[in-house]
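Data first, discussion second: the structure below is written as structure tokens.
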Amino acid sequence: MTSYYPLDKLRKIEGLEDAKFVDPYAGGKGNSIRYLSVAPRSNQMKVIGVDNLFCAGEKSGLFVGHTEAMTTGFLAGHNAVRSQLGMPMLTLPRNLATGDLIAYANEKVETIEGRRNRYTFAGAEFFNRMKERGLYTLDIDEIKARVSKLSLDNIFDQKLV
């Protein structure tokens with residue numbers, strides 16, 4: 001993982017041949033700007049006060065990491081489609097690690113101390129919380145059983161459109 005990706009390599013990726021960085025501060029040596037603001041959002045990843053806007057990753061709650069960005073992004077995209085179709089949005093329950101991360105960070109961002117922290121599956125405060133609440137496991141069958149017990153099997157495979 002790097003906060004800078006060389007432009008010559010980036011341009012070798014199909015569709016990014018003409019990519020450029022607008023980089024007034026880092027002199028061409030950096031292109032990672034983080035934690036400028038967190039959008040107020042629901043646990044369905046919908047931005048509060050805007051009817052058709054969803055957010056994920058760092059924008060949605062001081063999350064750190066690729067896994068956090070992917071899981072919140074997947075839920076945000078899923079719920080954006082549900083919202084436009086007039087379907088009820090999905091809230092992941094707190095007895096799943098992702099559901100707890102989303103709700104916990106949403107609560108913490110309301111406090112000064114909570115805004116000083118970062119939330120990740122990989123360590124620190126939330127990792128300890130997962131262990132304390134019995135949410136941390138490497139047992140895939142246990143995870144599948146948890147998801148199944150909540151009737152959320154293959155929820156994201158459901159064709160919505």
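Since the model is a prediction, treat every value here as computed from it, not as a measurement. Every heavy atom of this structure was used, including side-chain atoms; hydrogens, water molecules and symmetry mates were not. Throughout, residue positions are numbered sequentially from 1 according to the sequence presented.
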Subject >> Evaluation steps, salt bridge (charged side-chain N to carboxylate O under 4.0 Å, His left out), between R129 and E107 >> reply: CA-CA 14 Å; R129 177 182 169 82; E107 292 165 2; 5.5 Å; no
**OP:** Could you walk me through whether N117 and K108 pass side-chain contact (heavy atoms from CB on, under 4.5 Å), step by step?
**Re:** CA-CA 9 Å; N117 293 327; K108 289 297 199 172; 5.9 Å; no
**OP:** Carefully, step by step, assess R11 and L16 under the rule side-chain contact (heavy atoms from CB on, under 4.5 Å).
**Re:** CA-CA 5 Å; R11 287 181 175 161; L16 299 176; 6.0 Å; no
Original post:
Is there a side-chain contact (heavy atoms from CB on, under 4.5 Å) between T137 and R146 once you walk through the steps?
Top reply: CA-CA 11 Å; T137 181; R146 239 183 247 168; 3.9 Å; yes
**OP:** Test L90 against R82 for side-chain contact (heavy atoms from CB on, under 4.5 Å), laying out the working first.
**Re:** CA-CA 8 Å; L90 176 63; R82 283 176 166 266; 4.3 Å; yes
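Put simply, the side chain of E17 gets close to the backbone of G15: a donor and an acceptor are under 3.5 Å apart. A donor-acceptor distance shorter than 3.5 angstrom exists from the side chain of T120 to the backbone of V64, with no hydrogens or angles considered. Put simply, the side chain of K9 never gets that close to the backbone of I13: no donor and acceptor are under 3.5 Å apart.
H78 has its side chain out of reach of V81: every pair of non-hydrogen atoms, C-beta onward, lies at least 4.5 Å apart. Contact annotation: the side chain of I112 approaches that of R115 to within less than 4.5 Å [non-hydrogen atoms, C-beta and beyond].
Atom-to-atom distance recorded for R118:CZ and E68:CD is 13.0 Å, nearest 0.5 angstrom. Atoms NZ and OG1, on K46 and T91 in that order, are 12.5 Å from each other to the nearest 0.5 Å.
Summarising the local packing, CG of L85 is surrounded by more than 12 heavy atoms from other residues, nucleotides or ligands at distances under 6.0 Å. By the neighbour-count criterion of 12 heavy atoms within 6.0 Å, atom CZ of F74 is sparsely surrounded, having that number or fewer from other residues, nucleotides or ligands. Applying the 6.0 Å contact sphere to CG of D157 captures more than 12 heavy atoms from other residues, nucleotides or ligands.
When hydrophobic clusters are built by joining Ile, Leu, Val, Met, Phe, Trp and Tyr residues whose side-chain heavy atoms come closer than 4.5 Å, directly or via intermediates, L101 is not grouped with L96. Linking Ile, Leu, Val, Met, Phe, Trp and Tyr residues whenever their side-chain heavy atoms come within less than 4.5 Å places V109 and F121 in a single cluster. A chain of hydrophobic side-chain contacts below 4.5 Å, direct or via other Ile, Leu, Val, Met, Phe, Trp or Tyr residues, connects L92 to V147. With hydrophobic clusters built from ILVMFWY side chains whose heavy atoms lie under 4.5 angstrom apart, L75 shares a cluster with L150. Both Y119 and Y136 are members of a single hydrophobic cluster when ILVMFWY side chains are connected at heavy-atom separations under 4.5 Å.
The heavy-atom pair separating C55 from R41 by the smallest distance is SG-CB, 3.9 Å. The two residues K144 and D153 come nearest to each other via the heavy atoms O-OD1, 4.3 Å. Nearest approach of A56 to A69, heavy atoms of both residues: CB-O, 4.4 Å. Between L7 and A19, the closest heavy-atom pair is CD1-O, 3.6 Å. Listed here is the closest heavy atom pair of I102 and F63: CA-CZ, 4.2 Å. Taking every heavy atom of both residues into account, V47 and A39 meet most closely at CG2-CB, 4.1 Å.
In the model, N79 has no side-chain atom that pairs as donor or acceptor with a side-chain atom of Q44 under 3.5 Å.
Relative ring orientation between Y104 and F126 is described as tilted, the plane-to-plane angle lying within the 30° to 60° band.
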